[in-house]
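Taking it in order: structure first as structure tokens, then the write-up.
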Amino acid sequence: MKLTALDALQIFDSRGHPTIEVIATLEDGTVGRGLVPSGASTGSHEAWELRDRDPRRFQGRSVFKAIGHVTDEIAPALAGHDAFDQAAIDAALIALDGTPNKSRLGANAILGVSLAVAQAAARARCLPLHASLGSGTLLPLPEIQIFGGGKHAQGRIDIQDFMIVALTATSYAETLEVAANVFHAAAEVMRDRGKLAGVADEGGYWPLFDRNEEVFDALLASIERAGYTPGREVGLSLDIAATDLHRDGFYRLGLEGRRFSSEDFAALMIDWVDRYPIVSIEDPMSEDDWEGWRLVRDAIGHRCQLIGDDLFTTHLDRIERGIAAGVANAVLIKLNQIGTVTETLAAIRRTQAAGWLPVVSARSGETEDAFIAHLAVATDAGQLKVGSFSRSERLAKWNEVLRIERDLGPRARFIGAGIFETAGIRLPGATV
Ligand code: PGA
Ligand code: ZN
């Protein structure tokens, strides 16, 4: 099925910043769209997001150059290519760009095309997107944010994501019931403490806390208020986003005015896992602190999921290095960190082949598109992280998995927190 046309327009993400939408048209008239998200706590090894940097327009964030690259350069180069051959489409995009980090055409332009072609191909095949992308049937265990922080709350607290994981839910739908209960209980807890003040970028409550560890207390109180036992039905999950805390060789918790060496920060992470029912930590250490990562993995990798986000940036070479060095046991998967669907699928496969866990993730700047919900199911990834339980760019993804669950019917599989055991992670206290 030939790709006949590509067009693009500037739309806006969930923070009101410009982003790119690509429209792919096939020879039978089928249309697919690719909506590109954008991060705030980005890793330095990510593929390059091309912005116009014209301070007079959209604070320099417009994407008209990337749009021009789609319409003037990529469209003529890809016209006539087989839209059913995603690998060849993506290889052609990579070759046309010619740079290691997609900085010439822009990873946002390239990903928009890659996503649009994938969606058009699924429609032309009359398949749901997940079935077109892969044969997976495993519904993901969600990591759902309750409090937002870090760069998603203007640095109001240091740690970026305080999330929950439903440990004993027996269906995907039940994980959302748990999330809804805890999310609304958290509002009551915050209100009672005089700390309810709206939500951060990913829909979690705005963090009016004085110490990072106060958040744990609020989180545990919220879980209990919702009628659950922390560590039994509901576990905690953190994204430290430690790259953002690392400056001049030290990790800094600005809220408390504390400064840590790499060893001391690793010790703090280990201490938190000892003291709280934490089942997963993302980016406990900075993106190039491989030695610090190894310390954490050696100490707690057998009982806590350790996800590399900025560390790996969904990049196969960095994932290989991480597997060889044994520094984590899970990889965050973000399409726009690497820039094509094919490379993202390869990153997921490599992660799984190593016995590690892929966690498919949204960005803090999201769109109404739910591609990643399909990606998670198609690849049997087992976990999905898209922010909190408010704001429709978040619920668009959670809800899409409900639709997939219904569409798959008896073919849908759910192993919930059993996913951790598949990677040899034994959660203390969990009754799964
Ligand atoms: P980002 O945040 O999209 O701002 O990078 C998400 C994350 O760090 O996981
Ligand atoms: Zn992260």
Side-chain angles (χ1 to χ4, degrees), residues 13-17 19 35-49 51 61 107-108 111 140 142-165 199-204 207 236-246 251 269 278 280-289 293 296 305-315 318-319 322 327-328 330-339 344 347 351 357-367 369 371-372 375-376 381 383-388 391 393-394 397:
D13 72 15
S14 55
R15 281 191 277 250
H17 294 315
T19 189
L35 282 65
V36 177
S38 176
S41 68
T42 48
S44 61
H45 305 287
E46 295 195 19
W48 187 256
E49 185 181 75
R51 296 202 178 265
R61 296 174 191 266
N108 42 352
L111 180 62
E143 283 189 73
I144 298 184
Q145 188 194 65
I146 302 298
F147 302 110
K151 282 198 174 153
H152 304 161
Q154 314 216 346
R156 179 61 190 74
I157 53 170
D158 302 295
I159 308 306
Q160 183 180 285
D161 291 283
F162 289 86
M163 296 168 286
I164 55 157
V165 176
V199 298
D201 282 5
E202 296 192 359
L236 309 189
S237 168
L238 307 175
D239 182 359
I240 308 294
T243 305
D244 294 336
L245 307 177
H246 196 242
Y251 291 87
M269 295 299 108
I278 296 168
S280 178
I281 306 188
E282 178 178 329
D283 282 355
M285 308 302 286
S286 174
E287 62 188 0
D288 289 314
D289 186 1
W293 269 94
V296 176
Q305 174 170 254
L306 299 170
I307 313 171
D309 173 9
D310 293 348
L311 178 69
F312 298 130
T313 56
T314 317
H315 198 297
R318 292 186 67 85
I319 296 169
V327 293
V331 178
L332 203 75
I333 301 291
K334 290 169 167 168
L335 285 148
N336 80 327
Q337 282 182 327
I338 189 64
T344 305
T351 302
L357 302 174
V359 180
V360 174
S361 171
R363 298 305 310 236
S364 51
E366 264 300 328
T367 73
D369 181 65
F371 191 99
I372 57 172
L375 179 68
Q383 289 176 85
L384 181 62
K385 175 196 176 204
V386 307
S388 191
R391 299 180 56 138
E393 80 278 4
R394 311 290 148 192
K397 281 77 163 171

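Please read these numbers as outputs of a predicted model, since none were measured by experiment. In listed order, ligands and their atoms are each counted from 1.
Using a 4.5 Å heavy-atom cutoff, the side chains of Asp244 and Glu287 are not in contact. Between Asp288 and His45 the shortest side-chain heavy-atom distance falls below 4.5 Å.
Below 30°, between 30° and 60°, or above 60°: for Trp293 and Phe312 the angle between ring planes is between 30° and 60°, a tilted geometry.
For ligand 1, residues of the protein lying within 4.0 angstrom by heavy-atom distance are Gly39, Ala40, Ser41, His152, Gln160, Glu202, Asp239, Glu282, Asp309, Leu332, Lys334, Arg363, Ser364, Lys385.
With Pro284 as reference, Val296 is the one residue of Asp239, Asp289, Leu238, Val296 to meet the side chain to side chain contact (heavy atoms under 4.5 Å, CB included) rule.
The closest donor-acceptor contact from the side chain of Asp309 to the backbone of Asp283 lies at 3.5 Å or more, if one exists at all.
Using a 4.0 Å cut-off between charged nitrogen and carboxylate oxygen, Asp161 and Lys385 count as a salt-bridge pair. Residues Lys397 and Glu366 are paired through a salt bridge, judged by an N-O separation under 4.0 Å between the basic side chain and the carboxylate. Ion pair Glu202/Arg363 not flagged as a salt bridge, since none of the NZ, NE, NH1 or NH2 atoms sits closer than 4.0 Å to an Asp/Glu carboxylate oxygen.
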Query raised in the report: Between Lys151 and Ser364, is a side-chain contact (heavy atoms from CB on, under 4.5 Å) present by the stated rule, with each step listed?
Result: CA-CA 9 Å; Lys151 282 198 174 153; Ser364 51; over 6 Å; no

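Here 3 is the count of protein N, O or S atoms positioned under 2.8 Å from the Zn ion (ligand 2), waters not counted.
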